[in-house]
Amino acid sequence: MTTIADLPEAGPRTRGHADPAPGYREPSVSGGLPGPRSAELLARQSRRESNARTYPRRLPIAVRRAAGSYLEDLDGNVFLDFLSGAGVLALGHNPPEPVAAAREQLGELVHGLDFPTPVKDEFTDLTLGMLPEAMRDRAKIHFCGPTGANAVEAALKLCKTATGREEVISFQGGFHGSTLATLSVTGLVDQKAPIRGRMPGVHIFPYSSCRHCPLGLTRSSCAVNCAGYLESSLTDPNGGIPLPAAVVLELVQGEGGVIPADAEFVRRLREVTRALDIPLVVDEVQTGCGRTGTWFAFEQYGIEPDVVVASKALSGLGLPAAVILYDERLDVWQPGAHTGTFRGNQAAFAAGVATMKVVRRDGVLANVRARSEQLLGHLEGLRELTDQVFDVRGLGLMLGVELAEPGTGRPASALARRVQREALLRGLIIELGGRDDGVLRLLPPLNCTAEEVDIAGRILHRALRAALAADATGRS
Ligand code: PMP
């Protein structure tokens with residue numbers, strides 16, 4: 001079996017994609033946004049598309065094309081894209097090698113259900129190869145329907161089947177998808193509140209969100225009580241919760257506001273779940289495939305989970321793929337236990353193979369760590385502009401700036417929205433998240449360059465300054 005470690009490695013380089021299309025060397029935005037052609041499409045969209053649409057509401061552009069870290073709208077404005085398709089575009093837009101691999105595959109075979117194929121076989125080798133050696137030999141892979149949510153659903157079904165248990169534990173602030181079961185385990189109340197009849201047996205526990213301790217403690221009085229509370233709830237015969245089928249965790253909460261879990265919290269969670277034989281599911285839909293500077297975030301916590309969920313960046317190209325990787329002892333579900341028509345996108349597998357080769361060859365994981373340090377430096381520098389920069393945090397290239405009132409910690413959501421808008425006007429696309437969308441979220445391509453990071457840092461600085469000035473004069 002070819003593993004990731006067998007792929008040739010040429011040492012760290014900063015550039016994993018070829019030069020972007022001519023003209024995409026820096027952002028350029030002229031006039032207001034949306035420009036006239038974008039405005040026309042946005043208006044048509046709002047007449048015809050669902051009220052549940054999201055991104056174009058706050059990032060009002062219609063997209064023409066993109067290359068590398070840049071994206072161009074219909075009016076010829078060019079943006080540095082630090083949203084990367086919500087973390088999907090590991091190597092930026094249209095990376096040449098994955099594109100070529102997918103294109104070639106399109107002429108061979110596209111839709112393969114779950115039949116074995118050579119390209120799927122190679123993709124399987126490399127995907128399993130992302131796991132640390134100790135887990136790899138015991139790991140099974142299941143190809144899910146092509147979304148993160150579908151793979152989380154699969155993980156829950158797998159664990160329920162294997163344990164014969166009903167309950168599931170998840171965490172405040174967590175996000176796991178928009179289907180009924182995944183919404184049920186999600187911590188974000190606004191999204192689940194309108195939906196009656198969610199999956200029963202879900203218990204949502206405090207997460208180690210230390211800047212806003214869910215137990216109201218300060219750093220100095222913290223004894224990782226969130227871990228202690230979970231331990232005692234699971235082990236106390238009066239704890240109120242029958243032994244659960246699974247504990248589901250994001251190691252860095254993404255939608256919840258870019259919150260890395262505390263290392264001690266994760267270690268103790270692993271200990272207690274192992275002692276009680278409760279499968280630990282890490283949802284690495286967003287953190288996985290290199291985003292945090294290692295193939296998976298759990299490696300940095302020194303734990304071995306029982307189930308790993310991966311999707312988003314798995315094909316590197318934005319072609320859909322989603323899998324669960326899990327310990328073979330759980331593999332007792334029956335044939336057909338988790339089907340789905342679109343589980344065999346061969347072009348996605350071909351692109352994924354090419355992406356993993358590029359990541360390995362070009363030292364992209366090392367680039368993630370280097371660019372992370374560099375970007376964190378820029379984000380820390382925002383503190384000099386205002387005491388409303390409440391926290392700067394993240395792991396690898398999954399970074400966030402929490403804007404909040406300094407005294408109360410209440411989200412400065414209006415300021416965050418303004419910063420996002422001012423950044424867009426200056427040619428930088430970022431996302432918001434966290435409580436009341438008070439956190440600026442950055443998900444740059446994993447192969448972004450030092451120059452691009454400096455450009456983003458400068459734009460953010462100017463955007464925050466402009467947003468603060470607008471705040472001061474009461475403009476909206
Ligand atoms: N889990 C996590 C951690 C996610 O960030 C997301 C998407 N943001 C999902 C699950 C759901 O993935 P999808 O939108 O592909 O269903």
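When a ligand or atom number is given, it counts from 1 through the structure's own listing order.
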**Student:** My understanding is that only one of Arg58, Arg57, Arg417, Arg418 makes a salt bridge (charged side-chain N to carboxylate O under 4.0 Å, His left out) with Asp437; could you say which?
**Tutor:**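 Exactly one pass, corresponding to Arg58.
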**Student:** Could you check whether Gln300 and Thr292, counting side-chain N and O atoms only, form a donor-acceptor pair closer than 3.5 Å?
**Tutor:** yes
**Student:** Hey, do the aromatic rings of Phe205 and Tyr229 have their centres closer than 6.0 Å?
**Tutor:**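 Yes; Tyr229 has its ring centre under 6.0 Å from that of Phe205.
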**Student:** Would you mind listing every salt bridge (Lys or Arg N to Asp or Glu O under 4.0 Å) that reaches into residues 138-166, with sequence neighbours excluded?
**Tutor:** Arg138-Glu304, Arg138-Asp327, Lys140-Asp331
**Student:** When you check ligand 1 against the protein, what N or O pairs turn up below 3.5 Å? List the atom names and distances, or just say none.
**Tutor:**
unit_1   : atom_1 : unit_2 : atom_2 : d
ligand 1 : 1 (N)  : Asp283 : OD1    : 3.2
ligand 1 : 1 (N)  : Asp283 : OD2    : 2.7
ligand 1 : 5 (O)  : Gln286 : NE2    : 2.8
ligand 1 : 8 (N)  : Glu255 : OE2    : 3.2
ligand 1 : 8 (N)  : Lys312 : NZ     : 3.1
ligand 1 : 15 (O) : Gly148 : N      : 2.8
ligand 1 : 16 (O) : Gly148 : N      : 3.4
ligand 1 : 16 (O) : Ala149 : N      : 2.9

**Student:** Should Phe349 and Phe143 count as side-chain neighbours, where that means a heavy-atom distance under 4.5 Å?
**Tutor:**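 The answer is yes, as the side chains (C-beta and beyond) meet within the 4.5 Å cut-off.
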**Student:** Would you mind reporting whether Leu156 and Val248 have side-chain heavy atoms less than 4.5 Å apart?
**Tutor:** yes
